[in-house]
There are 2 protein chains.
Amino acid sequence: MTLAIEAGLSAGVPTGHPLYKEVKQRITRGLMDGDWRPGEAIPSEAKLAERFQVSVGTVRKAIDELVAEKILLRQQGRGTFVATHTLDRTLFYFFHLVGKDGRKETPGTEMLTFAHGRADAQEATQLGLSRGERVYRIRNLLSLSDEPVVIDDIVIPAQLFPDLSPAVFGTRTGTIYGLYQARYGINVIRIAERLSATLADDSVGQLLGVQAGTPLLSIARLAYTYNDQPVELRHSLVDTTQHEYLSDLVKS
Amino acid sequence: MTLAIEAGLSAGVPTGHPLYKEVKQRITRGLMDGDWRPGEAIPSEAKLAERFQVSVGTVRKAIDELVAEKILLRQQGRGTFVATHTLDRTLFYFFHLVGKDGRKETPGTEMLTFAHGRADAQEATQLGLSRGERVYRIRNLLSLSDEPVVIDDIVIPAQLFPDLSPAVFGTRTGTIYGLYQARYGINVIRIAERLSATLADDSVGQLLGVQAGTPLLSIARLAYTYNDQPVELRHSLVDTTQHEYLSDLVKS
DNA sequence: TTCGATTTGTTCGTATGTATT
DNA sequence: TAATACATACGAACAAATCGA
């Protein structure tokens, strides 16, 4: 007889997982279902322990992992909160460019184009779609210290963002992932990036204010929500004359 | 009265830190002092609890963090071990290049040059040395699928690597960080990398088998040991025609 | 092959400290 | 001040993996 059954968590169905993994999954499901909105507190550890009929220590261990993944945020004396895509978080975890002096700066964003399209074979594979499914294609120009530095080409499944329009996208108040989260309930929790070096062509060079042939950093990003489901594909071209990409595996 | 004093860990001296942080520091100090060599097991949790006069749970929490930082490695039923710089670990945590198909491959290394030198201003700053201190400069050519892909320029303080020579470096059996660890007791536990795009010049192009003017990925790496002490500076130039740099913030 | 000792992994419960409201 | 919530620390019991007798 497993402990999970004893505790009544999934009566009659052996899980094969430790109890705290089960608890973690149930909390994650609550997050996916929108039981608690971004910025809100989840129930206290004591209440969750009561609800799931496990000890507080087991709930803590489950939450520990979600906090380590930056999905939840603990604050002593206040509660445990669903992480929001604030500017600070974006800058810290999702924006990796720094000046050559090491300083990080908030980029200015200008939307250049917004188009409807169909996923090509590669995009479909990466986003887990069928080829030809409807997507939005958005091109942004990012500036640092009022100089253009990055061209971002975003591809997202139209299905996930029902009423997205240039107006909605352009008039957002916070970050792009903040928009996904607040308006569409899509919570980006992890990204993977593949970097290479390339050369600016004429059109790109014009946008970035560099000559054709200038070396650029090319970044292909895939953004994921819960359960490793990909939700956004983003290709960036970076002028690294004044800036660098920082890759720092942090410590606790 | 603090708990640390009660427990006798640092009698009479208030730490201001939680007890488990104190325990973590003492284990870390043991690692720095070479009390337990890489690959060896540290004492069991019960023994450490006895030694430090704290509960097993407190020792576990200290070890938890060291495991999260990949300094220690736990194995149920066996013990807790000091992480070694095996090829697998290097490939997984310190080598970020993958083929365009996503596959990771063990690089072949060829030492091109080995020189004695003096730290310039920038190197001194980054390595925490005084300007003019003696350093070794080592240039390696890395190959993937028998094609040259990376030029590595390594700079390390001579003081930390007493009898290092081309022979010692060239006849090592394992990885470079494995050599640092096994022969000099220097344990690289973290790296930070700054990436930018650049162009191949004639000499570099010749080594990598590409034309001058080919875009290359430029990587400036700083490797750290305990207490964030920098120990190695490494500059890499990567031909990203067939390979990419993977930046993936992993999950638990 | 079996069994027992050892070691880490999981879970429980309790008490107390510390920060917030 | 009091209530609430997370943080730390302790101890105990059992599970699971490993290893050697």
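In this text, all values refer to a predicted model and were calculated from it rather than measured experimentally. Every heavy atom of this structure was used, including side-chain atoms; hydrogens, water molecules and symmetry mates were not.
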[N] [atom2] sits how many Å from [X] [atom1], rounded?
| X | N | atom1 | atom2 | result |
| --- | --- | --- | --- | --- |
| A/Ile42 | D/dA5 | CD1 | P | 12 Å |
| B/Glu45 | D/dA9 | CD | P | 16 Å |
| B/Leu19 | C/dG17 | CG | C1' | 13 Å |
| A/Gln75 | C/dT18 | CD | P | 19 Å |
| A/Tyr20 | C/dG13 | OH | C1' | 20 Å |
| B/Leu48 | C/dT8 | CG | C1' | 13 Å |

- Message: Could you check whether the side chain of A/Gln76 and the base of D/dA5 have a donor-acceptor pair of N or O atoms closer than 3.5 Å, going by distance alone?
- Response: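 Answer is no: no donor-acceptor pair is held.
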
Nearest to the side chain of [X] - [options]?
| X | options | result |
| --- | --- | --- |
| A/Ser55 | C/dT7, C/dC12, D/dC6 | C/dC12 |
| A/Lys47 | C/dT8, D/dA5, D/dC6 | D/dA5 |
| A/Arg60 | D/dT18, C/dT7, D/dC6 | D/dC6 |

- Classify the nucleic acid contact of B/Gly79 as base, sugar-phosphate or nothing, counting any heavy atom under 4.0 Å across all strands shown.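 The residue B/Gly79 makes sugar-phosphate contact but no base contact.
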
- Query: Thinking salt bridges, do B/Lys21 and B/Glu65 make one under a 4.0 Å N-O criterion?
  - Reply: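 Looking at B/Lys21 and B/Glu65, the cut-off is met.
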
- Under a 4.0 Å N-O cut-off, is there an ion pair linking A/Asp35 with A/Arg29?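 Judged by the 4.0 Å cut-off on N to carboxylate O distance, A/Asp35 and A/Arg29 do not form a salt bridge.
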
